[in-house]
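Beneath this line is the structure, given in structure tokens, with notes to follow.
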Amino acid sequence: MRVIVLGGGVVGVTTAYQLQKDGHEVVILERQPQVAAETSWGNAGMIAPGHSFVWSSPKAPMILLKSLVLKDQALRFRLSADPRLYSWSWLFLMECTAEKARRNTLLKHRLAVYSQSVLREVVADERIEYDLNDRGILYFYRSQQALDKGVEHMRLLESDGQLIKVLDRDAIVALDPSLASAKEKIAGGIHCPTDETGDPAKFTRALAARVVERGGEIRTGTTITGIEISDDGVAQVTTDKGAVKGDAYVLALGSYSPLIAKTVGLSLPIYPIKGYSLTIPIGNRPAPPTIAAIDEHNLVAVSRFGDRLRVTATAEFAGYDTSHKPADFAFMKGVTEDLYPEGADYDRAEMWAGLRPMTPNNLPEFGQRRLRNLYLNTGHGHIGWTMSHGSARITADLIAGRKPAISMDGLLN
């Protein structure tokens, strides 16, 4: 078939790749001048099944309430005139029970582990370079009490096959000597040795080049304006460069998916959650991080992409606003510089803000909704890079009428 993929982020490009492997003709539509220029550009780059916990937990309502009155919170909820914020928030709160949090976390972990296996297949087949670091990810805590709770929390993923190693501060410094100067500030941590990091934009652009080499088409600078339907299916996609027709269509527009879905009467429970990141050159600094880490107290994540650091933090309910100012990055930069004082040229940090496409239960939207030839692959939230490859393979399976390799119970509405 001729399949039109709406969106040129990591989810859209991996989907096009899997569809092309199945023998389909693929066309990717992307509004930016190149693929992976929005959410897939500035994220933490963590391929992290060990970070599969959903945000919709019993603790979340109090965290959101506190954010209304306290500044510099990792999660920032601000009152807004946008009615979609409140309808989405209500659905989110309905997912914040212990039972649902456990169920959704295990579903998310199932998808994340499968997706990592698909990613490794693609890397083996395509020999793509993307600043891979396969030494795992370190999740560390500032107090013994927090560490004990973190270990107890992680047992859920361990029961589902996640490999974890509990480390004291000496073992952490042995794992990553760049944390030596911060040793006394760390009580201990959890090392997930099978987690990985890598530059998602670098990967996505290299994979997109493979798609084009094999006859696929990528139309950048093309803004999708709507979808037109005929009978029970999509007739064409409208863009600022004219209409585009195919036999099947995949909606992979991340945070913008509900805006386009609305043009055909589909309501998707996806809301944009703003995140902030710094990309910092290492320069000639002598002690950059050697392994990715998350400071669980401050919720600041640090990854190394070759000669750069990527630092991410904050989740802000700000609608589709991606504006930012230097003050937004002061805390995360300060935390990172305190942990790795000789880790990077902090004065040369590049600031970025982008949107995470969040669903209330933190699980992506798959499959068809009423229209026979429109498939969803969207709403991957804060670990879209982790879940992208498995989601792409699942979408290709659904389009082909094949049974996916993992159970879709709970993942397919």
Side-chain angles (χ1 to χ4, degrees), residues 1-20 22-42 200-266 268 270 272 319-322 352 354-355 357 365 368-380 384 388 391-392 395-396 399:
M1 293 190 295
R2 174 180 165 90
V3 185
I4 314 301
V5 179
L6 285 62
V10 64
V11 173
V13 171
T14 53
T15 301
Y17 171 82
Q18 294 292 340
L19 288 167
Q20 193 177 56
D22 274 358
H24 300 297
E25 175 189 352
V26 294
V27 179
I28 298 173
L29 304 180
E30 169 56 46
R31 69 176 183 172
Q32 296 293 344
Q34 58 182 327
V35 298
E38 294 193 33
T39 302
S40 299
W41 186 88
K202 191 172 183 178
F203 183 98
T204 302
R205 289 169 184 174
L207 191 66
R210 301 284 201 281
V211 170
V212 171
E213 287 167 10
R214 292 165 187 160
E217 184 180 356
I218 301 178
R219 300 187 188 181
T220 54
T222 302
T223 299
I224 298 163
T225 55
I227 298 172
E228 294 183 359
I229 58 177
S230 177
D231 297 325
D232 61 344
V234 175
Q236 61 185 17
V237 174
T238 57
T239 79
D240 62 344
K241 303 288 179 60
V244 183
K245 295 185 177 183
D247 302 304
Y249 303 79
V250 178
L251 184 60
L253 286 169
S255 295
Y256 296 89
S257 293
L259 304 184
I260 296 301
K262 189 169 69 170
T263 65
V264 289
L266 298 180
L268 299 182
I270 297 170
Y320 287 90
D321 172 29
T322 58
W352 177 91
L355 306 176
E365 296 283 323
Q368 296 157 288
R369 298 288 190 284
R370 190 163 51 81
L371 299 172
R372 59 174 173 75
N373 59 347
L374 177 65
Y375 295 82
L376 305 178
N377 187 11
T378 188
H380 292 76
S388 58
S391 299
T395 299
I399 289 175

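Heavy-atom basis, side chains included; hydrogens, waters and symmetry copies ignored. Just so we're clear, the structure is a prediction, and the values are computed from it rather than from any experiment.
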Inset, instruction - Please step through side-chain contact (heavy atoms from CB on, under 4.5 Å) for the pair T238 and T263, ending with a clear verdict. - result: CA-CA 11 Å; T238 57; T263 65; over 6 Å; no
Please report the shortest heavy-atom distance between [X] and [Y], naming the atom on each side.
X: A36; Y: R205; value: O-NH2, 3.0 Å
X: H380; Y: S391; value: NE2-OG, 3.0 Å
X: W352; Y: E38; value: CZ2-O, 3.2 Å
X: G384; Y: V10; value: O-CG1, 4.5 Å
X: L251; Y: A261; value: CD2-CB, 4.1 Å
X: G233; Y: R372; value: CA-CG, 4.1 Å

Report the distance from atom [atom1] of [X] to atom [atom2] of [Y], rounding to the nearest 0.5 Å.
X: I224; Y: Y256; atom1: CD1; atom2: OH; value: 12.5 Å
X: D22; Y: M1; atom1: CG; atom2: CE; value: 9.0 Å
X: T395; Y: L19; atom1: OG1; atom2: CG; value: 7.5 Å
X: I4; Y: L374; atom1: CD1; atom2: CG; value: 12.0 Å
X: T225; Y: I260; atom1: OG1; atom2: CD1; value: 7.0 Å
X: K202; Y: L207; atom1: NZ; atom2: CG; value: 14.5 Å

Are any side-chain N or O atoms of [X] and backbone N or O atoms of [Y], one a donor and one an acceptor, separated by less than 3.5 Å?
X: T222; Y: L29; value: no
X: Q20; Y: V211; value: yes
X: S257; Y: S255; value: no
X: T220; Y: E30; value: no
X: N373; Y: V234; value: yes
X: T378; Y: E365; value: no
X: T39; Y: G354; value: no
X: R219; Y: V27; value: no

Legend entry - Residues that K245 engages under side-chain contact (heavy atoms from CB on, under 4.5 Å), provided they are two or more places apart: Q236, Y249
Legend entry - Any residue meeting side-chain contact (heavy atoms from CB on, under 4.5 Å) with A208, in chain and number order, not counting sequence neighbours: V13, V35, I218
Inset, instruction - Decide yes or no on side-chain contact (heavy atoms from CB on, under 4.5 Å) for R2 and V244, but give the supporting numbers first. - result: CA-CA 11 Å; R2 174 180 165 90; V244 183; 4.2 Å; yes
Legend entry - Crowding at CG, D240 (>12 non-hydrogen neighbours, <6.0 Å): yes
Legend entry - Derivation of the side-chain contact (heavy atoms from CB on, under 4.5 Å) call for Y375 and V3: CA-CA 10 Å; Y375 295 82; V3 185; over 6 Å; no
